There are 2 protein chains.
Amino acid sequence: MTTEPTILIVDDEAAIRDMIGVALDTAGFNSMEAESALEAHVNIVDKRPDLVLLDWMLPGGSGIELARRLKREELTADIPIIMLTAKTSEDNKVQGLDVGVDDYVTKPFSPRELIARIKAVLRRSTGNLRDKPIRVFDLELDPASHRVTIEEKAVDMGPTEYRLLNFFMTHPEKVFSRDHIQDQVWGANVYLEERTVDVHIGRLRKALTSASSPGINYAGLIQTVRGAGYRFSTKPE
Amino acid sequence: MTTEPTILIVDDEAAIRDMIGVALDTAGFNSMEAESALEAHVNIVDKRPDLVLLDWMLPGGSGIELARRLKREELTADIPIIMLTAKTSEDNKVQGLDVGVDDYVTKPFSPRELIARIKAVLRRSTGNLRDKPIRVFDLELDPASHRVTIEEKAVDMGPTEYRLLNFFMTHPEKVFSRDHIQDQVWGANVYLEERTVDVHIGRLRKALTSASSPGINYAGLIQTVRGAGYRFSTKPE
DNA sequence: CTACTCCGTCATAAAATTGTAATATTTCAA
DNA sequence: TTGAAATATTACAATTTTATGACGGAGTAG
């Protein structure tokens, strides 16, 4: 996976999408496009972009509707949204912010302004949510440095195992089916063999084990729940 | 997985309905069919399927109309809809139909993709309603973590015993015949020896006993009602 | 190009669970 | 008190589920 943030552009006018797309590329972002709310929703669920640029005036007024929906559903609630709006009336702002949108930009806007706002929102959202290290006993996952440590010593693992652990540590004490884990860690609608999850669980456990000190084995935090899936828990099985 | 989700297929072509029906059966879903928007609506209100697969090219363009209507009406708004669309060339029209459809699949599609998307949508929609832990004295069953504890200490039991206990705890103070228990815990249309229920009751009791503290034995909550079945009750026999 | 790393799948091993049948125990009415 | 009926318990082989090691392919850095 690339480290540049991916931005989804949702607008019904191809010209605008292209224009924004070029601006984003220039600024070093990856971009995807969608021309309808429906297409956008599918893309968001499937690909999990880091941010969504959403035209308020989609046909059928569905822009707002989409924003509301994204913020309502747990799976997508934490994806920041910047609204693109043509009008400058207060109503838009109020309504948009009410929905939980992170920022808005009024058309016409300069690419520079757009980029600036995107960066600001990304900084804010990654700062709030992902920046704080998560710690369990002496196991620490630090999103900022993208690093896992046990007793301050680095734990070596692949990117997938990192995402897996990250997901588990942000959702402790809950079972997740293999399907669910695939959705969260690999992205929805990616078809994998179910057992693939097992294999990566195994790899994660091994990584944790070989970095654990004799007293405590952190692999024990990743618990198998027979017939149901896996669970990250500090309570013993 | 006591009951398989039921999926309603709405398409005017019998061939397509059949094809999808077979795919759904294979994947372990129940399926129903409807060939018109009207029939579909009646079925939906009557039977409340867990998900609707809706061809948007129903005669008279009534597919979109149906979707809109379902999402508008309180009673049906929470039933997820997956649209089946003919081709991407229809995108212009698709735009107008945001309506809150949960996903869409373009024909021709592979059964595998369809199943994957159905599962993803179902997971999303049902995952939102969280089950609260059920507690009786110091015995707690927590569906979220899929865990049973006595005085905060984990109780070890197999999947079937978990389902059994879950059923009992959600239906306390009532007697259930072995047949009824089989239906609820194993699912209908599963034939088992009647005595099998006894065995699992025994296993459940044993699990509860070996996790109980000296003062109180939680196995006592599972009461035998001679000649009738079993009962979960907080009142002593 | 070569040597890595990481990924997803498969085959196989290991472990846990399941249903049944056989046997033991309890209950209740006569 | 006895014995048939109902329930409990035990043991076990079959099945299901999970764990693990190995392998080839993709992608990358040197």
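Every chain is numbered from 1 and lettered A, B, ... according to where its sequence line falls, protein lines coming before strand lines. This one's a predicted model, so the numbers in the text were calculated from it and none came from an experiment.
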Asks: Remember a base hit wins even if backbone is also touched, and classify A/Thr196 as base, sugar-phosphate or nothing at under 4.0 Å, heavy atoms.
Replies: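 Base contact.
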Asks: Rounded to the nearest 0.5 Å, what separates atom NE2 in A/His41 from atom CG in B/Asp102?
Replies: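 So the NE2 of A/His41 and the CG of B/Asp102 are separated by 7.0 Å.
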Asks: Grab the CD-P distance between A/Glu193 and C/dT9 for me, whole Å please.
Replies: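 Roughly 6 Å, once rounded to whole Å.
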Asks: Quick check on D/dT17: is either OP1 or OP2 less than 4.0 Å from any side-chain nitrogen or oxygen of A/Thr224?
Replies: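 For D/dT17, OP1/OP2 do not have a side-chain N/O of A/Thr224 under 4.0 Å.
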Asks: Nearest-Å distance, CG (A/Leu192) to P (C/dC6)?
Replies: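 Taking atom P of C/dC6 as the reference, CG of A/Leu192 is at 18 Å.
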Asks: Just how far, in rounded Å, is P of C/dT18 from CD1 of B/Ile201?
Replies: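 Going from CD1 in B/Ile201 over to P in C/dT18 covers 14 Å.
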Asks: Grab the CH2-P distance between A/Trp186 and C/dT9 for me, whole Å please.
Replies: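 Nearest whole value for this atom pair: 10 Å.
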Asks: Distance check, rounded to the nearest 0.5 Å: B/Leu139 atom CG versus B/Ile216 atom CD1?
Replies: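 Reported to 0.5 Å precision, the distance equals 9.0 Å.
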Asks: When you measure from the side chain of A/Arg178, which nucleotide among D/dT18, C/dT9, D/dA8 comes out closest?
Replies: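 Nearest to the side chain of A/Arg178 among the choices is D/dT18.
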Asks: What is the distance, to the nearest angstrom, from the CE atom on A/Met157 to the P atom on C/dT5?
Replies: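 After rounding, the reported distance stands at 16 Å.
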Asks: Taking CZ in A/Arg135 as the centre, count heavy atoms belonging to other residues, nucleotides or ligands within less than 6.0 Å. Is the count above 12?
Replies: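 Correct, the count exceeds 12.
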Asks: What nucleotide among D/dT9, C/dG8, D/dT17 has an atom nearest to a side-chain atom of A/Arg195?
Replies: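 Of the candidates, D/dT17 comes closest.
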Asks: Relative to each other, are the rings of A/Phe232 and A/Phe168 parallel, tilted or perpendicular (30° and 60° limits)?
Replies: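 Aromatic pair A/Phe232/A/Phe168 classed parallel.
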Asks: Tell me which nucleotide among C/dC7, C/dT20, D/dT7 gets nearest to the side chain of A/Glu161.
Replies: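 Side chain of A/Glu161 sits closest to C/dC7.
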Asks: Could you state the atom-to-atom distance from CD of A/Gln223 to C1' of C/dA16 in whole Å?
Replies: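 To the nearest whole Å, that distance equals 16 Å.
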Asks: Between B/Thr160 and C/dT17, does any side-chain N or O lie under 4.0 Å from OP1 or OP2?
Replies: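 Result: no.
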Asks: Of the nucleotides D/dT10, C/dC7, D/dA8, which one has an atom closest to the side chain of A/Pro159?
Replies: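 Nearest nucleotide to the side chain: C/dC7.
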Asks: Within this structure, what is the NE2-to-P distance between A/His200 and C/dC10, rounded to whole angstrom?
Replies: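 My rounded result for the distance is 14 Å.
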Asks: Base, sugar-phosphate, or nothing for B/Tyr230, non-hydrogen atoms under 4.0 angstrom?
Replies: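 Sugar-phosphate contact only - B/Tyr230 comes under 4.0 Å of backbone atoms but never of a base.
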Asks: For the side chain of A/Arg205, starting at C-beta, report the closest nucleotide among D/dA19, C/dT18, C/dC7.
Replies: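 Nucleotide nearest to A/Arg205's side chain: D/dA19.
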Asks: Does the D/dG21 base have a donor-acceptor partner in the side chain of A/Arg203 within less than 3.5 Å?
Replies: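 Checked by distance alone, the answer is no.
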Asks: May I ask you to say whether B/Glu152 pairs ionically with A/Lys235, meaning some side-chain N is under 4.0 Å from a carboxylate O?
Replies: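 Not counted as a salt bridge, because no side-chain N and carboxylate O are separated by less than 4.0 Å.
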Asks: Tell whether B/Arg226 reaches the base of D/dT7 with its side chain through a donor-acceptor pair below 3.5 angstrom.
Replies: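 Answer is no: no donor-acceptor pair is held.
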Asks: Please report the distance, rounded to the nearest Å, between CG in A/Leu204 and C1' in C/dC6.
Replies: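 Distance, rounded to whole Å: 15 Å.
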Asks: Of the options D/dT20, D/dA8, C/dT18, whose atoms approach the side-chain atoms of B/Asp198 most closely?
Replies: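 In terms of side-chain proximity for B/Asp198, the closest of D/dT20, D/dA8, C/dT18 is D/dA8.
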